[in-house]
Amino acid sequence: MFPQKYPVVETKDIPKVVVDVSEGGSCTEKPSRLSLILLLLILWLVTRPYEGILWDSEYYTVQALHFLWPDRYANDLYFAFGSQDQFSIFSRIYGPAIASLGLAHAHIALTLLTQLAWVSGLVYLAKGMFQEKWAYLAMAGVIVFPGSAGLVFHYGEPILTPRILAEALTLVALGAIWRERIFFSLGLLGVGTVIHPLMTLPGIVFWFLWFFGRKKTGWWACALAGTIVLGLAASGVQPFVRLTQPFDPVWLNIVHQRSPYCFISQWGMGEWSAVIHTVLLTLWAMQKAGNKERQFLKLASLIGVGGIVLSWLGGDLLKNVLILDAQLWRAMWMVSLISHLFIAQRLITLFHDPRSYHARWLWMGAFLLTLLAGFHGGFYLLATPLMAVAFLVQQWEERTPEPLPLWGRWLVASFFLVVFFQTAFFFWNTFILDTVRGETAHVLLIEFVFTLGALMLMSLSLKESCAGFSTKSSVRIRFGMINLLLLGSLMVWDQRSPWIKSIDEASGPPSDLSKILPQGRPIYWEGDLTVPWFLLRRSSYFSCSQGTGSLFSRETAINYWQRYQSFQPLHTTEFSVGSSFCTPLPGEETSGSPTQEQVKKVCRENPGLGGMVLLHSIEGMHPKIWNSPIPFTYLKSIGHSKRWVTADRFYIYGCPIQK
């Protein structure tokens, strides 16, 4: 890969490579549009499988249920002191859909519709910036290289939230901005603001800078808007009044514990690797971009990096409530997406440049690792250093007529080999030997193989169309392979576990369970917040997930923390696995069965608690027992490792404890 004799090429002899990215290069035939569309569909399905109502989708689903039946959830910790639902109209869309279709059908229908809207927005943007095959390649780059899997900022999520719909509108707005449609783009951003203002805000800033960034009238209008905001803040109008409020120490400590990702100073190597990765990719895309493309990339990167800096200044240092609530670092989703649009174009240009012999293979390795990062965020820790080396090597090769010195070639080769073996080790442990995720790891491997297959077929289809040597038999074989991949992708798309499926599709709570549960007050259900919320359609008293509202409400934060401290001594499963939300308090053990006295103490400290449903019986107590027809699978700490275990028996203890 790194030959000892590097061909020295005089600068004057370097051929100028012209790759016509606007008109499709030298292609004499157009590849089948249907084939390319099906391949993009395959890429979407395997990178965004359907796993049911999970993660943030749980919050927006219960908000829709609360919109339909406010009395049922009035005492829930998530709603007792207000929720972020007041800043979005999404529940007004989701709620009626649930009433008409039922929870499971409404959720899957809206998931598909919002994802279709997102892809349509991407098509509109890519078709405006690129022509013919380049638009499909640009879209493939965006789909297979998601923002950052498992990290704090990402785009095109597989779950149902208003974020994906706001992103869709922002993508169409960016496409309209590219076409210089000033009022159409502004209208789209206005609609996006009432769906999810945080995700739309980067698009609004982009719109202003693109059309008015160099005009005095624009900045005068900006100053007027700022004056109006300050006036609204002084008048106590929400959410602008938060601009005048700092976090007090008690509230701030709770948010630090519950949502550390909101603080730039709390980010770890994973988050910073993703940021540096995006910055390097943006700089790389700028080098060969045209003036308009370079301006697009510059504005996006300015907004993304500016969002991180302002979040650090306003949130970490000044502790301002509105700035921390705004989570301005989320602007990185737009930077990441726009930079991914240029991946295919830059790679092909790189492979046509004889000077970039070493850099092209380093870039290919970096993008393979980035592709893997879409399935496991840990691969960013390998992809980012390799991308940095690729970037530096390319600068040397393109700017210096001399080859890399021998010591440089050996150094780069040694680094590449280290990354290769680390990748092989991490890949084997993640996709083959992962005992924590079990079968899920093998499904990820299948999805990765399908992704590589779809990308290879897309490349082959485009190459043959450009070379003009495709035959009917090769087209039929390729189309047959595409259909096989599509069938396999559809077969692995629905990845809901039997437990999640039973919760999502239940028409009502099981009668045998309803009879033995405490009535009238919220309950605590160990291990799964969705049971009281979606199966029983009633309030939950406590879970670590409900603490998400601590960022937006001091009252929610204080009550959440009181309940957190009360419940942790029970060592229930959400505490024992040591999740990022339920980090054990200093001095607390993370294992051991709860005692009778501890259960009684929780009931005494929480007079609003109706009862607890636990996964283990308490010695000396006589609970009611519910046998679930579907086993519940949960992650449990066993010694120094974590294992998936199943349970089909739940132990119900009413409060106050009856002697």
Side-chain angles (χ1 to χ4, degrees), residues 137-138 140-142 144-155 202 264 267-290 293-309 329-351 353 355-374 376-400 404 408 411-412 415-416 418-420 422-423:
L137 289 172
V142 169
V144 301
F145 298 129
S148 40
L151 301 176
V152 293
F153 38 81
H154 31 67
Y155 59 72
I264 307 302
W267 285 4
M269 290 182 62
E271 288 79 11
W272 285 114
S273 292
V275 171
I276 296 170
H277 185 281
T278 300
V279 171
L280 287 170
L281 184 57
T282 305
L283 292 174
W284 184 61
M286 283 183 190
Q287 289 183 330
K288 300 296 182 180
E293 291 88 350
R294 189 177 295 112
Q295 184 68 11
F296 222 69
L297 287 162
K298 282 182 179 179
L299 281 184
S301 58
L302 175 65
I303 293 167
V305 175
I308 293 176
V309 173
W329 44 265
R330 286 188 181 274
M332 287 298 296
W333 81 264
M334 190 173 67
V335 193
S336 182
L337 185 145
I338 292 176
S339 65
H340 288 166
L341 283 168
F342 292 88
I343 290 176
Q345 173 189 322
R346 284 293 283 119
L347 270 179
I348 293 176
T349 304
L350 189 67
F351 270 81
D353 191 341
R355 297 170 297 177
S356 303
Y357 179 79
H358 295 138
R360 70 184 63 164
W361 298 109
L362 290 169
W363 278 110
M364 285 296 293
F367 284 127
L368 177 61
L369 288 171
T370 304
L371 179 63
L372 286 167
H376 191 292
F379 282 99
Y380 267 110
L381 299 176
L382 295 169
T384 301
L386 186 58
M387 182 172 285
V389 172
F391 185 84
L392 293 174
V393 170
Q394 184 180 349
Q395 303 314 302
W396 176 282
E397 291 182 334
E398 291 186 352
R399 299 175 186 272
T400 307
L404 279 173
L411 186 63
V412 172
F415 176 78
F416 186 86
V418 170
V419 171
F420 174 80
Q422 287 289 337
T423 300

Nearest heavy-atom neighbours spanning F145 and I343: CD1-CD1, 3.3 Å

Min side-chain heavy-atom separation Q287-F391 under 4.5 Å: yes

R346 side, atom CZ; L341 side, atom CG - distance, nearest 0.5 Å: 14.5 Å

Heavy-atom closest pair, residues S339 and L297: CA-CD2, 4.0 Å

Closest approach of A289 to A285 (non-hydrogen atoms, all atoms of both residues): CB-O, 3.4 Å

Rounded distance (nearest 0.5 Å) linking atom CZ of R330 with atom CD1 of I308: 12.5 Å

Flag, side chain of Y380 to backbone of G374, donor-acceptor distance under 3.5 Å: no

Pair W361 + F351: ring centers closer than 6.0 Å: yes

Check: S301 side chain, K298 main-chain N or O, donor-acceptor pair, under 3.5 Å: yes

Sub-4.5 Å side-chain heavy-atom contact between L371 and F379: no

Any side-chain heavy-atom pair of L137 and Q345 under 4.5 Å: no

Shortest non-hydrogen separation from L350 to W363 and the atoms involved: CD2-CD1, 3.4 Å

With Q295 via side chain to side chain donor-acceptor pair (under 3.5 Å) - residues at least two apart: none

Pair W272-I264, side chain to side chain contact (heavy atoms under 4.5 Å, CB included): steps then yes or no: CA-CA 9 Å; W272 285 114; I264 307 302; 3.6 Å; yes

Close side-chain approach of V419 to L369, heavy-atom, < 4.5 Å: yes

Side-chain touch F342/T349, heavy atoms, less than 4.5 angstrom: no

L372 CG to L382 CG distance, which is reported to the nearest 0.5 Å: 9.5 Å

Gap separating the CZ atom of R294 from the CG atom of L299, nearest 0.5 angstrom: 13.0 Å

side-chain hydrogen bond (donor to acceptor under 3.5 Å, both in side chains) between W284 and Q394, intermediate numbers included: CA-CA 10 Å; W284 184 61; Q394 184 180 349; 2.7 Å; yes

Exercise: identify the closest heavy-atom pair between A366 and A383: O-CB, 4.0 Å

Qualifying residues under side chain to side chain donor-acceptor pair (under 3.5 Å), relative to T384, sequence neighbours excluded: none

L283 side, atom CG; T278 side, atom OG1 - distance, nearest 0.5 Å: 11.0 Å

Under 3.5 Å: donor-acceptor pair, side chain of E397, backbone of H358: yes

Value rounded to 0.5 Å, distance of CE in M332 from CG in L337: 12.0 Å

Heavy-atom closest pair, residues P202 and I303: O-CD1, 3.8 Å

V412 side chain reached by F415 side chain, heavy atoms, under 4.5 Å: no

Side-chain donor/acceptor of E398 to backbone N/O of Q395, under 3.5 Å: no

More than 12 heavy atoms of other groups within 6.0 Å of M364 CE: no

Within-4.5 Å side-chain heavy-atom neighbours: T370 and L281: no

